[in-house]
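So you know, we letter chains A, B, ... as the sequences are listed, proteins then strands, and number each from 1. Worth knowing before you read on, the calculation uses all heavy atoms, side chains too, and leaves out hydrogens, waters and symmetry mates.
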Amino acid sequence: MSDVQTLLETAFQSAITRAYGPEYADTDPLVRSSADAAFGDWQANVAMSLGKKLGKPPRAVAEALVKHLDLGTVASSVDIAGPGFINVKLADAFLVAALAGLDGDPRLGVAQTSHPDTVAVDYSAPNVAKEMHVGHIRSTIIGDALSRMLEFAGHRVLRRNHLGDWGTQFGQLIEHMVDRGLDGSDGHGIGDLNDLYRQSKARFDAEPDFAERARRRVVALQSGDPETRRLWSALIAESKRHFNEIYKRLGVSLSDADYFGESFYNDMLEPTAGELVAKGVAVQSEGALCVFPPGFKGRDGAPVPLIVKKSDGGYGYDNTDLAAIRHRILDLGCSRLVYVVGSPQKQHFDLLFAAARMAGWLTDAVRAEYVPFGSVLGEDGKMFKTRSGEVIKLTDLIDEALKRARDIVDAKAPDMTDDDKVAVARAIGMGALKYVDLSNDRIKDYVFSWDRMLAFEGNTAPYLQNAYVRIRSIFRKADEAGLRPNPDAVPVAEPAERALAVELLRFPDAVAQVERSLEPHRLCTYLYGLASLFHSFYESCPVLAAKDPATRSGRLALCGMAGRALALGLSLLGIDTVDRM
RNA sequence: GCGUUCGUAGCUCAGCUGGAUAGAGCGACGGACUUCGAAUCCGUAGGUCGCAGGUUCGACUCCUGCCGGACGCACCA
C-alpha cells in the first residue's frame with residue numbers, strides 16, 4: 001500500500017494534467033498535512049501558485065482541479081476554502097483499510113526508493129591520540145542517524161570515518177614515544193595518549209632540539225621507515241580502541257570497517273595533484289600548487305585557493321579531501337556524497353565541491369551535500385565547557401548521562417532488577433543525549449541542559465520512550481487476559497482515535513522529509529506529535545476497559561501500530577526503546 | 001573589509017522550502033487519579049516573528065539595507 005501523501009500527490013498531478021495539459025505535469029501539487037484538523041486531513045495548495053502562472057483566479061483553478069480529481073473512495077469530502085485551498089478529508093472506510101494495510105507492513109508504509117544511490121556519509125572524524133570530546137558529538141550522532149535513514153530508504157550507504165591519522169603532529173608524538181620508551185605494547189589507555197599529545201606538543205614548542213628531531217621523524221614516517229610506522233600503527237590501534245568503545249557505548253553504528261583516515265588517501269595524493277595539473281585546473285601560486293575556484297574572495301579581495309601542494313612540497317588536508325572526493329566518485333561510484341562537518345568549514349566545502357566540478361569529477365549525476373551543524377552551548381550561552389573551562393570529554397558526557405538516567409530509574413522504578421535498571425538507564429541516557437542533538441535544527445547552535453533533555457515532558461527522548469512503555473504495558477495486560485488486537489477494524493469515531501490514526505499515515509512522509517533535507521529534527525518533530533496524540537488518546541479512550549470487545553481489539557491494534565511507529569522512528573535515529581522504565 | 005550563518009512567548013525550541021487565526025515544552029495560574037503507568041492529560045494567561053523598506057492575492061519564510069551574536073577568509077585540520 002503506497003502512502004497517502006504520495007497517493008494524493010499523484011492524484012492531484014493527474015488532475016492538473018487533465019485540466020491544463022501535460023506541460024503542467026511536473027507542477028508540485030503542494031500537498032501538505034492540514035494546518036488545522038478542522039479543515040480536513042490533507043490539503044493541496046497548488047491552486048494559488050498555478051493560478052498565478054495561468055493568469056486565472058485561484059478559486060477557478062481550484063474548482064477545475066477538484067472537477068478533474070479522481071480520488072475514488074479515498075476521500076469523504078473535498079472542499080475549496082479561502083483563496084483556493086483544497087481540503088481533503090479521508091473517508092473513514094479508507095482510513096480503516098489503510099491502517100489494516102499498515103499492520104502487516106514492517107516498514108509502516110515507507111517505500112523502498114526506486115532510485116537507490118551509492119552514498120558516502122562522512123562523519124565523526126576523531127583525531128588519533130586525542131580523546132573524543134563534545135566537538136565530535138554532533139557529527140557522530142547526526143551522521144549516524146542520517147546513515148541509518150538513508151540505508152532504510154534503500155540506499156547503499158558507505159560510512160566514511162575520516163580519521164585524523166596523518167600530519168606533522170605525528171612527528172612529535174612518535175619522537176616523544178621513542179624518548180619515553182613507549183612502544184604501544186604495554187596497553188596504556190587513551191588517557192595516557194592524551195597526555196602524550198600534550199607533552200609532545202609542549203616539548204615541540206619549548207625544545208628546539210626535540211622539534212628538529214620531530215621534523216625528521218615526520219620525514220621518516222612519510223618515507224615508510226619501519227620502526228616509525230610501527231609506533232604510528234600502535235598509536236592508531238590504541239586510539240581506535242578508545243573510539244570504538246565510545247561508539248559502542250553510544251550505540252553508534254561505526255566499526256573498524258568504516259575507518260578511512262587521512263593516511264588511506266596517501267597513495268592517491270600524487271595522482272590527484274597530477275590530474276589537476278594535467279587538466280589545467282591547478283596552477284602555481286606563491287610557490288604552492290593551487291586551485292582557484294571562481295567567485296571566492298578573501299581578505300584583500302584576493303581569490304581563495306584550495307592548496308593542492310604546499311610550497312615545501314608536502315600535501316595538506318585540502319588535497320586529501322580532493323583525493324577522497326575523487327576516489328569516492330570515480331572508484332567507489334558514489335552518486336551522492338554527504339559530509340557531516342561543522343558549519344565553520346562551509347567555505348572549505350564550497351571550495352572543494354567547486355574544485356571537484358572544475359576537475360570534472362563532480363558532475364550533475366552526483367549530488368554532493370555539505371551537512372553543516374551548529375555548536376553545543378552551555379546554559380550560559382557560550383561554548384559548552386567544564387566549569388574550569390576545559391573541553392568536555394565524550395566519555396565524561398556519557399558517564400554523566402548514564403548516571404543521571406540511573407538516578408531517575410532508581411527513583412521511579414525502585415523495584416526493577418539491577419540488570420534491568422542498567423539497561424533502561426542506558427536507553428534513557430543515551431537516548432536523551434542523542435535526541436537533544438537530533439531534535440534541534442542542526443544548523444543552529446543549541447543550549448545543552450541535562451534537566452530538559454531528561455525530562456518526561458516536552459520534545460525529549462524519555463517522553464517518546466515513555467509513550468512506547470505505556471503501550472507495552474497495555475499489551476502485557478492484554479496478553480495476560482488473552483486479548484488480541486484486530487488490525488482490520490480500528491475504530492476512528494472518537495476524535496482522539498481518528499487523529500492518531502491519521503497521524504500514523506504520515507509516517508512515510510516524515511521519513512521522506514529527512515531523506516530530502518538531511519534534517520533529522522523533522523522526524524523528531526513528527527514522533528513527538530505522534531507520541532503526544534497517543535497520550536491524548538490514552539487519556540480519553542480506554543483500551544482494555546473499552547465498552548465493547550470490537551472497540552477494545554481495534555484500539556489495541558491502534559496502540560500496536562503507534563508503538564511500532566515510535567520504535568521504528570527512534571531506531572532510525574539510533575535510539576533504543578524499552579518495555580518498562 | 002568581504003563572506004557565511006543565526007535572531008520567533010520570561011526561558012528552551014518547532015513552524016513541512018510562499019499559504020488559512022504563528023505552535024509546543026518549561027515556568028505562572030486553574031483543573032483531572034476507586035479504571036490500561038498522574039513518568040500523563042485538559043484549560044487560561046503570555047509574541048509588533050531583531051528593526052526598516054521591498055516583491056505578491058498572501059511573507060516568520062524570498063530580496064535590499066541596517067542592528068546584534070557566532071563563524072570563516074593561503075600552505076594548521
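A stacking contact between F85(A) and G19(B) is absent: the pair does not combine a ring-centre distance of less than 5.5 Å to the base's six-membered ring with planes differing by less than 30°. Aromatic stacking is not marked for Y528(A) over A24(B), as the cut-offs of 5.5 Å for the centres and 30° for the planes do not both hold.
If you check A38(B), C13(B), C16(B) against the side chain of R470(A), the one that comes closest is A38(B). When the nucleotides C16(B), U40(B), C36(B) are ranked by their closest atom to the side chain of H535(A), U40(B) comes out on top. Here C13(B) is the nucleotide among U56(B), C16(B), C13(B) with the atom lying nearest to any side-chain atom of Y446(A).
Remark: A32(B) base-pairs with U40(B); criterion is Watson-Crick or G-U wobble with both hydrogen-bond distances under 3.5 Å. Base pairing annotation: C60(B) forms no Watson-Crick or G-U wobble pair, as no partner gives both donor-acceptor distances under 3.5 Å. Pairing partner, G46(B): none, since no Watson-Crick or wobble contact has both distances short of 3.5 Å.
Glycosidic torsion of C49(B) falls outside 90° of 0, placing the base in anti.
Scanning all heavy atoms of the two residues, the minimum distance from V578(A) to A423(A) falls at CG1-O, 4.5 Å.
Scanning atom types as modelled, no donor and acceptor separated by under 3.5 angstrom connect the side chain of D321(A) and the base of A77(B). Scanning atom types as modelled, no donor and acceptor separated by under 3.5 angstrom connect the side chain of S532(A) and the base of A24(B). One donor-acceptor pair, N or O on each side, does fall under 3.5 Å between the base of A20(B) and the side chain of Q43(A).
A distance of about 48 Å separates the C1' atoms of A32(B) and U56(B), rounded to the whole Å.
Here S536(A) reaches the OP1 or OP2 of C42(B): one of its side-chain N or O atoms lies under 4.0 Å away.
Residue K385(A) places its NZ atom among 12 or fewer non-hydrogen atoms of other residues, nucleotides or ligands, all under 6.0 Å distant.
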